[in-house]
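Right, one structure below, let's go through it.
In this text, all values refer to a predicted model and were calculated from it rather than measured experimentally.
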Amino acid sequence: MGQIRKVKVSTGIEWVEVPEAGVFMLCGCPPDSVKHLMKCGLIVPTERAGWSFETGPNVILLSDVILQNGSFTNMAEFPVLQMLYRQGTLIPNHPNNTGTKPMLVGAQDQIDAQMEYIYRGNYGLVSEEELIKGGTTSDEAKDMMRMKLRFAFGAIHHPSALLDHRVVKEDAVEIKNGVFVKRLSLNKFEVSYEDETVQVDLNLDADAHYVPSYPLNYHEIDRDSFSVIHSGDGDGWDVNRPTMSSVIMYQGKIYLVDAGPNVRVTLQALGIGISEVDGIFHTHSHDDHFAGLPAFIRSDRKINYYAAPYVRASVAKKLSALLSIDESRFEDFFNIHDLKVDEWNDIEGLEVRPRMSPHPVETAILQFRALGPEGYKTYGHYADIVSLQVLKDMINEDEKVPGVSQAFFDRVKGHYLEEMDVKKIDIGGGLIHGESDDFRDDPSGKIILSHTARPLTVDQREIGSGAPFGTSDVLIPSFQDNTRRYAYAYLRNYFPTVPTHALRTLMNSTLMTFNPETILFKEGEKVDNIYLLLTGAVEMIKTSSNLHALASAGSLVGEIAAIHQLPLMETYRATTFVRAMKIPATLYRNIVEKYQLFEDILRLMEGREFLQNTRVFGEALSYSTQNRIADEMTAHHLFAGDEYAPLKKEGLAIVKEGKARLYCGKRFIEEIGRGDIFAEDSVVGNRRSKHHIEIDDSFEFCTIPTTILQDIPIVQWKLIESFERRRHIAMS
């Protein structure tokens with residue numbers, strides 16, 4: 001007995017090992033799962049037969065669904081890289097290269113999705129034709145494929161050549177050496193060996209989220225005219241820091257350079273709500289720069305996405321592979337802006353110039369500039385570059401042989417060493433990352449060394465600086481308060497018919513700063529002031545009805561209680577540093593009365609409050625978006641014994657009162673009640689729903705047109721998540 005060992009690693013991650021059978025299984029592989037294994041001592045450095053390498057998993061048990069609570073559940077790219085290279089299973093003559101392949105275990109569709117996603121993560125675009133479709137010229141495509149093939153040691157291999165797999169269903173399947181796995185129910189599994197069994201549950205609770213391997217302190221950041229906030233300097237293996245990224249502040253707008261794992265937590269620590277981000281600039285598609293994309297979909301509007309065309313094409317293919325959706329759906333979640341390579345692209349005054357950077361996948365370094373009193377100020381973000389010596393060793397003038405030309409090398413070197421006021425560079429080393437020595441004579445004003453898990457050496461500290469999390473480099477200071485500009489924009493959007501002078505009357509109010517975890521209002525309190533949230537985020541809590549929602553910038557906290565002069569029915573608590581405008585309740589009521597706004601506010605209040613209490617519409621939706629949805633809802637009533645099957649044109653259905661049995665075809669799925677949705681398959685698939693419901697008592701629901709939901713990414717994301725979960729139930 002006692003031959004199976006199970007370890008709770010982190011939220012949504014478990015570890016099961018059977019040493020006698022040689023099975024070491026990572027159960028669940030959300031972003032940064034490798035870092036959690038390192039933190040728990042389940043991956044450790046070791047030596048054998050003169051080789052230094054790491055221990056770790058040799059089997060990965062995948063989640064049945066790709067999304068839970070808005071985050072990717074299966075991101076096996078880095079765990080697979082750890083098995084192949086850091087454990088040495090793919091390295092010639094390595095003691096761990098025994099011919100036994102690492103293994104993926106799970107549902108067939110998730111195994112297929114992971115294989116394609118890892119394929120795209122390893123290589124990006126895989127042919128000259130794909131590169132040309134991705135925006136390169138024919139000559140550029142030839143040069144890039146020669147370079148990519150050199151990184152790939154001459155040939156591109158599908159992961160199926162490197163990984164084994166086992167499809168798990170209800171009947172037990174043998175993994176190896178007498179270890180079996182079977183599915184008990186959705187995301188619940190049983191692992192057995194001889195007469196022992198353990199159960200693995202990969203389901204997340206409704207309010208649970210995957211967590212980083214490191215804690216982050218809260219920071220209150222200034223919103224300068226042009227500045228760089230350092231939001232990460234680590235790499236994909238650094239257990240103590242976020243991966244290399246930056247936040248760019250420009251004239252009150254917020255842009256993020258890359259989206260690494262746990263970016264939601266990173267932004268929260270900086271006092272930035274997801275809905276405040278105006279856009280993301282993307283360098284490439286590796287997971288340590290890509291895994292945070294779902295956080296930007298957790299917004300009530302499409303966020304701008306800026307990248308070189310070939311980077312965008314590579315990212316779209318990887319995301320669509322991961323989600324098993326068509327590439328065109330990338331545009332459902334982001335406003336796509338292709339950047340012209342080697343040219344300055346003007347984005348409302350902030351200019352950006354991408355330049356191609358040699359890497360196994362399509363990558364661009366990004367150079368930013370903005371005009372200030374002293375002329376242009378510049379910032380260079382050089383993520384995932386290659387050492388000049390490695391690139392030099394690739395030089396081969398034979399165009400039929402993998403490699404690069406001397407002209408290619410000279411061009412890249414020239415771009416790397418262009419002078420910037422501030423330049424952040426990748427010094428990760430090895431075959432696909434940069435070296436600090438290449439920048440020893442760089443003329444830039446300040447060089448920041450990044451993208452490494454190792455402490456800086458003495459030599460490196462002579463070349464460049466570090467940048468602790470939350471520190472900033474101010475290139476152009478601001479002499480105005482941008483938060484009042486936010487206030488006007490939010491109020492104008494909320495009250496489109498109110499004259500400007502009346503909005504200015506409301507804006508002549510105090511600005512407040514709330515520390516993280518501060519309670520703004522407690523349930524039962526009388527409301528003397530309303531808070532218009534300008535930055536950060538606030539959670540709304542009502543334990544009596546199990547309500548937990550997030551109010552983002554642009555929300556009015558305490559509005560309804562103030563209008564009715566009644567005690568609050570919820571508690572509001574800051575989750576970040578929060579800036580808010582404190583509007584006296586009496587003044588607010590006077591404006592509402594003077595401009596006869598009561599009827600409109602109260603008409604939408606019921607619908608908005610209902611939406612706030614639902615899982616699909618209760619998070620990150622601004623008041624204006626909630627009002628727009630509430631205004632389009634159509635009520636339906638059914639009575640005992642009725643059945644109902646949605647029509648395609650009716651869109652999404654959401655339960656308002658009563659309970660019903662939900663079926664997909666003839667298969668019973670689940671019982672649904674207040675706040676639950678159905679017919680989401682019609683929105684996701686743009687077709688008539690396969691759902692129908694049966695009821696035993698009176699039942700009320702509302703339908704919401706598909707058209708109004710198409711431009712709300714967080715809703716689309718949650719509908720895909722619900723669709724995937726129910727599809728698996730219907731198929732099982």
Side-chain angles (χ1 to χ4, degrees), residues 12 25-31 33 59-77 79-80 101-122 158-173 175 181-190 200-204 287 290-291 293-294 297 316-330 332-333 664-665 667 669-670 680-687 689-691 716-732:
M25 185 185 301
L26 168 62
C27 304
C29 55
S33 55
V59 179
I60 300 173
L61 177 62
L62 301 171
S63 167
D64 283 334
V65 292
I66 187 57
L67 297 169
Q68 285 200 85
N69 297 349
S71 296
F72 288 132
T73 59
N74 293 330
M75 303 203 78
E77 180 178 288
V80 166
K101 300 176 184 178
M103 183 182 296
L104 299 181
V105 176
Q108 183 71 65
D109 62 337
Q110 292 305 319
I111 291 173
D112 293 343
Q114 287 297 291
M115 289 288 191
E116 186 64 21
Y117 136 82
I118 293 169
Y119 182 51
R120 292 299 179 176
N122 282 342
H158 195 270
S160 57
L162 308 175
L163 299 172
D164 202 352
H165 70 275
R166 296 287 186 276
V167 177
V168 174
K169 298 182 179 179
E170 284 64 40
D171 295 330
V173 60
I175 302 305
V181 177
K182 72 174 181 179
R183 180 182 290 104
L184 301 176
S185 60
L186 185 72
N187 257 354
K188 294 183 178 180
F189 305 89
E190 181 181 86
V200 173
D201 186 352
L202 299 182
N203 290 304
L204 293 185
D287 273 5
F290 162 93
L293 282 183
I297 300 172
K317 286 186 181 297
K318 186 175 181 181
L319 185 66
S320 62
L322 195 57
L323 294 174
S324 299
I325 59 175
D326 190 86
E327 282 179 54
S328 62
R329 296 219 59 183
F330 191 53
D332 290 346
F333 304 125
C664 182
R667 179 66 188 268
I669 303 298
E670 61 188 291
E680 71 275 10
D681 58 334
S682 69
V683 180
V684 173
N686 193 28
R687 55 174 170 76
S689 175
K690 295 181 179 180
H691 291 174
Q716 288 285 329
W717 198 248
K718 289 184 176 182
L719 296 183
I720 291 173
E721 184 178 330
S722 178
F723 169 73
E724 285 294 317
R725 181 180 63 83
R726 286 173 171 171
R727 183 173 67 86
H728 275 276
I729 294 173
M731 292 171 58
S732 61

Least distance between heavy atoms, Ile175 atom then Val59 atom: CG2-CG2, 4.0 Å

Positive for side chain to side chain contact (heavy atoms under 4.5 Å, CB included) with Phe189, one of Val105, Asp201, Leu184, Leu61: Leu61

Glu724/Arg727 salt bridge by N-O under 4.0 Å criterion: yes

Spacing of Asp681 atom CG and Asn686 atom CG [to the nearest 0.5 Å]: 11.5 Å

Straight-line distance of Asp109 CG to Ser324 OG, nearest 0.5 Å: 6.5 Å

Side chains of Ile60 and Leu62 in contact at under 4.5 Å (non-hydrogen atoms): yes

Over all atoms of both residues, closest heavy-atom pair of Asp287 and Glu77: N-OE2, 3.0 Å

Short side-chain to backbone donor-acceptor contact, Gln114 and Leu104, under 3.5 Å: no

Whether Asn74 side chain and Ser63 backbone form a donor-acceptor pair below 3.5 Å: yes

Contact check, side chains of Met25 and Val181, non-hydrogen atoms, under 4.5 Å: yes

Interatomic spacing from NE2 in His691 to CZ in Phe723 - rounded to 0.5 Å: 8.0 Å

Polar side-chain atom of Arg166 near backbone of Met103 as donor-acceptor pair, under 3.5 Å: no

Enclosure of Lys101 NZ (heavy-atom neighbours >12, cutoff 6.0 Å): yes

pair Leu67-Lys718: side-chain heavy atoms closer than 4.5 Å: no

Sub-4.5 Å side-chain heavy-atom contact between Pro31 and Ser71: no

Glu721 CD to Leu323 CG distance, which is reported to the nearest 0.5 Å: 11.0 Å

Residue pair Arg725 / Asn203, side-chain heavy-atom distance below 4.5 Å: no

Shortest non-hydrogen separation from His728 to Val65 and the atoms involved: CD2-CG1, 4.0 Å

Closest non-hydrogen atom pair between Arg329 and Phe333, with its separation: O-CD1, 3.6 Å

Where Gln68 and Leu202 come nearest, the two heavy atoms and their spacing: NE2-O, 2.8 Å

Polar side-chain atom of Glu327 near backbone of Ser320 as donor-acceptor pair, under 3.5 Å: no

Where Phe72 and Leu319 come nearest, the two heavy atoms and their spacing: CZ-CD1, 3.4 Å

N-O pairing of Glu670 and Arg726 below 4.0 Å: yes

For Pro159, side-chain contact (heavy atoms from CB on, under 4.5 Å) partners two or more places apart: Met115, Ile118, Tyr119, Leu163

Thr73 (side chain) donor-acceptor with Pro30 (main chain) under 3.5 angstrom: no

Asp64 and Lys188: CA distance, side-chain angles, deciding distance, salt bridge (charged side-chain N to carboxylate O under 4.0 Å, His left out) verdict: CA-CA 9 Å; Asp64 283 334; Lys188 294 183 178 180; over 6 Å; no

Flag side-chain contact, heavy atom, 4.5 Å: Leu322 against Phe290: yes

Distance (rounded to the nearest 0.5 Å) between Cys29 SG and Met75 CE: 9.0 Å

